[in-house]
Amino acid sequence: MLTHLDGLNDSQQEAVTTIDGPLLVVAGAGSGKTKTLIHRMKHIVHSGIDPRHILAITFTNKAAREMNERFGLGERERYYSNTPFIGTFHSLGVKILQTEHDAINRPKHFTIFDREDTKRALKEAMRQTGYDPKQLDVNKVLAVLSRKKSASVSVKRFADELGGGNAYNRQFMEAVYEVWGAYERILEKEGALDFDDLLLKTAALLEANSEIRNKYQKIWSHIHIDEYQDTNAVQYTIAKLLAGNTAHICAVGDADQSIYSWRGADISNILNFERDFPQAKIVKLETNYRSTKNILGAAGSVIKNNKERIDKKLDTPNPEGDKLYLYGAYTESEEAKFVASESQKLIDEGVRPSEIAVLYRTNFQSRALEEAFLSAHIPYQLLGTKFFDRKEVKDVLSYIRAALNPDSNTDIARTINTPARGIGKVTLLKVLEGNEGDLAGKAQDAVKNFREILSDIKTQSETLPVSELVMFVFERSGIRDSFEELHDDEREERVMNVAELATLAQRYDHLPPLEAVSSFLMDVALQGDQDSLDETKDGVRLMTVHASKGLEFDVVFIVGLEEGLFPYKRPDDTGKDLEEERRLFYVAITRARKKVYLTYAMMRRVFGSTDMKDISSFINEIDQNLIEYSAVAAEPDSIDNKRKKGIESIFDIEF
């Protein structure tokens, strides 16, 4: 048997060896989908197809790195020209848009706005169009723009949608339209794109320009889309355009794990795959290699209540394992103390802290958990605390971007007075408006000095390895000297942060300097929550369930299992909302290999008030034979029965 087919079960082999035409791989949780994808790509190469013709798209940088490594591409090899392109939709967009930058009227080294950059530009767009940023909520405007762009709606198409709804909504949308137009002009002037543009502009370019579309269809003849259930309208459009008429496209996913409708993901993309590609072959991966039988049984008993799904019957060769442990606390503080205490017991029994995850529905729940872990002196890591959000790190990166793209007013505004050069608001405004010639005296000298710094950085970027460029910027900009005024501990921490940035940049040093800088800046701009996870730090992982997607742990705590919190209830809840919440719970359970704890609080303080809570309806959906009840937790049925008898206070319930 061929070596690249070794270790595959029958279904995996069928998926691997089906390399022509459309293929949908329905991959249940823990069924080895990444392994199947990697072996499939290797089989395509083995069949005589050039690796450069293979495209593999996934949703997180972490997943992309893992796929590159498992395919055999290290940090150096993945930038070679004779290898598959394995990356995220956003990194694919950057690759295409940088190559075709003239077609979208942007410089090759265009700036990618992060959320704060976007909000700043939107506020400026409001001022330009006569709206007060204090009255027109920038977060609401940003939410509309992001939602529309994810739905593949451009500002021109958005104009056609105006006129519906009530008077207030119509007025708000008309304001959004005006601001959006001004915002687009700011982006163009600064040679920038925002995060959503990386996809919208790519889709629009491929759709409108047949020459460019045909070019990339020829480059990537065999396409793989991981987590297909999470694609939104614009990602779906990109996939279909690249697949073309030959449609050698392999979509891999699981409708039961579609949890991102709030950011535009459309579960119908995977449910309707056969409609979109009538010749499609369907292969189901139904053997779970991750979890115990009890964990899998509990997850299955919950998710079967959903209607929008592709039926499959997951099984596992793993042992039966422990039952799911249910614990009911009086308050969120008591719940957190239980989680910390139980984590310590597990660690004492030999479980590595990094193999324990605490999953919650919303970010505010982390506060009580952090306090409990700090009090118990248990090491932990809170996912979402991003290294690249630190001021000194953003300052160094902004200097590099400003040097490469002098039209980036966002980066100019951030760096021109960092450290302080005596440049005031009036001087800055003249610089941003292109009226530097009007300056005189000290203001002129200060701006001239700043421009010389950027010029030196630009020159060095053409010759220095990118890690050395980082340290050059640190010194030449004056940032390092400005740290001398800080307290010893703070100064050391900030210097070490910049040193860490240089260390991270070393992975690009093998590339030609400008290509290295470009790749480095792109990867930094596309950082996600999981990229903040320090694999070398051995601490308990605290994160939202959404952030845990794609990860797995020996032990998982799912906390806050209360009606209204998990499942989360919105005022305009629909049946689809509940189905997505159930899928989210399914994802949480299936992150675990060996042990699952389910916890809830009878009282929880939210937004300053303490509310009585009902146990989550999802607990009732689990096969009760698979749950072990703590001495404190009451069986859900007994709680319901006692309430039916008219007992108003939960404290009247005997445990």
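- Remark: Glu69 does not engage Lys62 in a salt bridge, criterion side-chain N to carboxylate O under 4.0 Å.
- Ring pair Phe89/Phe59: centre-to-centre distance below 6.0 Å.
- Ion pair Lys189/Glu124 not flagged as a salt bridge, since none of the NZ, NE, NH1 or NH2 atoms sits closer than 4.0 Å to an Asp/Glu carboxylate oxygen.
- By the 4.0 Å N-to-carboxylate-O rule, Glu462 lies close enough to Lys458 to be salt-bridged with it.
- Ion pairing of Lys430 with Asp438 is absent here, as no side-chain N (NZ or NE/NH1/NH2) approaches a carboxylate O to less than 4.0 Å.
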- Message: Applying side chain to side chain contact (heavy atoms under 4.5 Å, CB included) to Arg65 and Ile86, what does each step give before you reach the verdict?
- Response: CA-CA 8 Å; Arg65 283 195 299 270; Ile86 303 174; over 6 Å; no
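- The side-chain heavy atoms of Ile453 and Asn449, taken from C-beta on, include a pair separated by under 4.5 Å.
- A salt bridge between Asp230 and Lys549 is present, with a side-chain N of the basic residue lying under 4.0 Å from a carboxylate O of the acidic one.
- For Lys33, the NZ atom sits in a packed shell: over 12 heavy atoms of surrounding residues, nucleotides or ligands are nearer than 6.0 Å.
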- Show the numbers, then the answer: is there a side chain to side chain contact (heavy atoms under 4.5 Å, CB included) between Glu188 and Arg106? CA-CA 7 Å; Glu188 186 171 351; Arg106 292 295 189 276; 3.6 Å; yes
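- Residues Glu436 and Arg451 are paired through a salt bridge, judged by an N-O separation under 4.0 Å between the basic side chain and the carboxylate.
- Taking the ring centroids of Phe110 and His101, they lie at or beyond the 6.0 Å cut-off.
- Side chains of Tyr399 and Asp411: a donor-acceptor N/O pair is absent below 3.5 angstrom, by distance only.
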